[in-house]
Amino acid sequence: MTPARPDLSTSPSPRAEGAPRDARAGRLAALAPPLFVVLWSSAFIAGIPGVKVAPPLLLMFARFAVAGALLSGYALLIRAPWPRGRALAHIAVSGLLIQAVQFGAFYSALGLGFPAAVVSLVQGLNPVVIALAARFVGESVSGRQWIGFLLGASGVVLAVAGRVSLSAWGVVLCLAGLAGLSVGTLYQKRFVRGMDLRTGTAVQLLVSAPAVGLACLVAEQPRVSDWPTFGGSVAWMVLVNSIAAFLLLNRMLLRSSASRVSTVFFLTPSVTALLAWLLAGQTLDPLALAGLALGGAGVLLAGAASGPRGRTSRGRSPS
């Protein structure tokens with residue numbers, strides 16, 4: 001007698017069980033970039049009132065110290081694994097570049113009167129810098145990308161042209177902030193593997209706080225003229241920017257290539273300009289608007305031409 005075959009019609013297959021989970025993960029992954037753009041762009045808007053009542057580096061020290069303490073307390077409470085040895089050193093270096101250098105420079109430029117949209121436009125050239133750096137490690141750069149780079153650089157020149165007479169030092173600060181973000185992103189993608197998002201981000205914040213604090217004591221007069229405004233600015237940047245946005249950024253860096261993640265910065269100048277107009281009443285002169293449009297077109301063109309076509313010297317796409 002032939003044994004009866006088991007009825008598989010009601011037995012959930014591993015694929016069926018995993019499908020809803022995969023779909024949910026896919027939706028979260030799709031929501032992460034636009035959510036990150038809004039959260040990231042809001043940092044400059046929160047910084048506008050902050051740099052009016054306190055020196056920029058003091059503002060950044062408070063941001064890093066409070067965010068680092070909160071995230072460390074949470075990580076200790078849930079017993080998250082902390083990095084050790086060489087991994088700890090690499091995370092600390094990436095944190096100093098991405099946090100201390102980038103934001104210390106960008107917010108100092110804000111303190112000198114640069115519009116948030118212009119600072120964000122310079123920051124938005126991060127994908128261009130990363131693509132150029134990738135060129136020197138074996139990834140090809142197309143003619144279309146070079147045109148995009150030229151347009152992006154031209155847009156930055158136009159956007160900051162009316163501000164150079166006020167402070168050429170502000171332009172240098174913007175470029176230093178861009179270098180910190182770009183080099184830090186490449187460094188983290190190259191040397192930081194399998195970082196726990198909670199403890200890794202906490203380490204990045206905690207090493208940045210004393211570095212920026214020391215710079216504040218040397219270069220500024222740490223004084224707050226309006227504590228409620230200062231506290232509100234710090235609270236927003238701590239909870240929304242230093243914790244939520246960076247957890248998203250580090251998560252995206254763990255799951256994708258540095259060049260692909262960097263493309264989200266293409267949208268930040270426009271979103272920042274819109275938020276600055278709606279919430280902070282900042283307007284841009286025609287030259288700056290033209291630079292914003294030209295720079296945005298350039299980085300979008302460069303981004304559209306990058307990605308899947310790039311090959312390393314070994315004939316495969318960079319991870």
Side-chain angles (χ1 to χ4, degrees), residues 40-73 88-89 91-116 118-120 122-123 163 166-185 187-188 200-246 249 272 280:
W40 188 273
S41 300
S42 71
F44 290 123
I45 310 306
I48 293 172
V51 297
K52 291 181 179 179
V53 300
L57 295 180
L58 177 61
L59 187 69
M60 290 301 96
F61 169 75
R63 168 182 174 171
F64 297 151
V66 175
L70 288 177
L71 200 53
S72 297
L88 176 62
I91 291 173
V93 171
S94 66
L96 287 172
L97 290 167
I98 295 177
Q99 299 275 5
V101 175
Q102 179 197 183
F103 290 118
F106 279 141
Y107 278 81
S108 293
L110 278 181
L112 292 175
F114 271 64
V118 172
V119 176
S120 182
V122 178
Q123 185 190 62
R163 299 281 164 175
L166 293 179
S167 174
W169 179 238
V171 178
V172 174
L173 286 170
C174 284
L175 295 177
L178 173 62
L181 172 61
S182 302
V183 176
T185 300
Y187 186 96
Q188 178 163 320
T201 305
V203 168
Q204 291 180 331
L205 292 166
L206 290 177
V207 298
S208 297
V212 172
L214 179 61
C216 172
L217 292 175
V218 171
E220 297 176 339
Q221 294 181 349
R223 187 168 46 200
V224 177
S225 61
D226 185 338
W227 281 102
T229 300
F230 179 81
S233 182
V234 169
W236 181 271
M237 288 189 291
V238 164
L239 298 175
V240 175
N241 307 128
S242 284
I243 294 181
F246 265 93
L249 176 62
T272 301

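From a predicted model like this one, the values you see are computed outputs, not experimental measurements.
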Run Val171 and Phe114 through side-chain contact (heavy atoms from CB on, under 4.5 Å) and show every step you take.
CA-CA 9 Å; Val171 178; Phe114 271 64; 3.8 Å; yes
List the residues meeting side chain to side chain donor-acceptor pair (under 3.5 Å) with Ser72, not counting sequence neighbours, and say none if there are none.
none
Non-neighbouring partners of Ala176 that pass side-chain contact (heavy atoms from CB on, under 4.5 Å), sequence neighbours left out
Ala105
Any ring-ring contact (aromatic ring centres under 6.0 Å, His included) pairs touching residues 208-241, not counting sequence neighbours?
Trp227-Phe230
Taking only residues two or more places apart in sequence or in another chain, which ones pass side-chain contact (heavy atoms from CB on, under 4.5 Å) with Leu88?
Pro83, Val203
Can you list the residues that meet the side chain to side chain donor-acceptor pair (under 3.5 Å) rule with Thr201, with sequence neighbours excluded?
Asn250
What closest approach, in Å, do Ala62 and Val238 show between heavy atoms, and which atom pair accounts for it?
O-CG2, 4.5 Å
Any side-chain to backbone donor/acceptor pair from Ser94 onto Gly184? Under 3.5 Å, distance only.
no
Polar side-chain atom of Ser108 near backbone of Gly104 as donor-acceptor pair, under 3.5 Å
yes
Tightest non-hydrogen contact, residues Leu239 and Ile243, listed as O-CB, 3.8 Å
How would you list, by chain and number, every residue that makes a ring pair (Phe, Tyr, Trp, His ring centres under 6.0 Å) with Tyr187, sequence neighbours excluded?
His90, Phe191
Could I get the full list of side chain to side chain donor-acceptor pair (under 3.5 Å) partners for Ser242, not counting sequence neighbours?
Arg63
Check the pair Met237 / Met60 against side-chain contact (heavy atoms from CB on, under 4.5 Å), numbers first and verdict last.
CA-CA 9 Å; Met237 288 189 291; Met60 290 301 96; 3.9 Å; yes
Determine the minimum heavy-atom distance between Pro222 and Leu217, stating which atoms define it.
CG-CD2, 4.2 Å
With sequence neighbours left out, which residue pairs that include part of residues 209-225 fulfil the side chain to side chain donor-acceptor pair (under 3.5 Å) condition?
Gln221-Arg223
Nearest heavy-atom pair of Ser42 and Asn241: which atoms, and what distance?
OG-ND2, 3.2 Å
Evaluation steps, side-chain contact (heavy atoms from CB on, under 4.5 Å), between Val234 and Leu59:
CA-CA 7 Å; Val234 169; Leu59 187 69; 3.7 Å; yes
Distance, nearest 0.5 Å, that separates CD1 of Ile48 from OG1 of Thr229:
13.0 Å
Using residues 49-56 as the side-chain source, report each donor-acceptor pair under 3.5 Å to any protein atom, sequence neighbours left out, with the distance given to one decimal.
none

Going by the rule side-chain contact (heavy atoms from CB on, under 4.5 Å), which residues pair with Ala209 if we only count those two or more places apart in sequence or in a different chain?
Phe61, Phe64, Ala65
Can you tell me how the ring of Phe106 sits relative to the ring of Phe44, calling it parallel under 30°, perpendicular over 60° and tilted otherwise?
perpendicular
Which heavy-atom pair separates Ala202 from Leu71 by the least distance, and what is that distance?
N-CD2, 3.6 Å
Measure the CZ-CG distance between Phe103 and Leu181 for me, rounded to the nearest 0.5 Å.
7.5 Å
Using side-chain contact (heavy atoms from CB on, under 4.5 Å), reason through Ile91 and Gln204 one step at a time and then give a plain yes or no.
CA-CA 6 Å; Ile91 291 173; Gln204 291 180 331; 3.8 Å; yes
For residues 204-224, pull every pair meeting ring-ring contact (aromatic ring centres under 6.0 Å, His included), keeping only residues two or more places apart or in separate chains.
none
Check Val122 against Leu178 and note the closest heavy-atom contact, atom names and distance.
O-CD1, 3.4 Å
For the backbone of Ala116 and the side chain of Ser120, can you confirm whether one donor and one acceptor N or O come within less than 3.5 Å of each other?
no
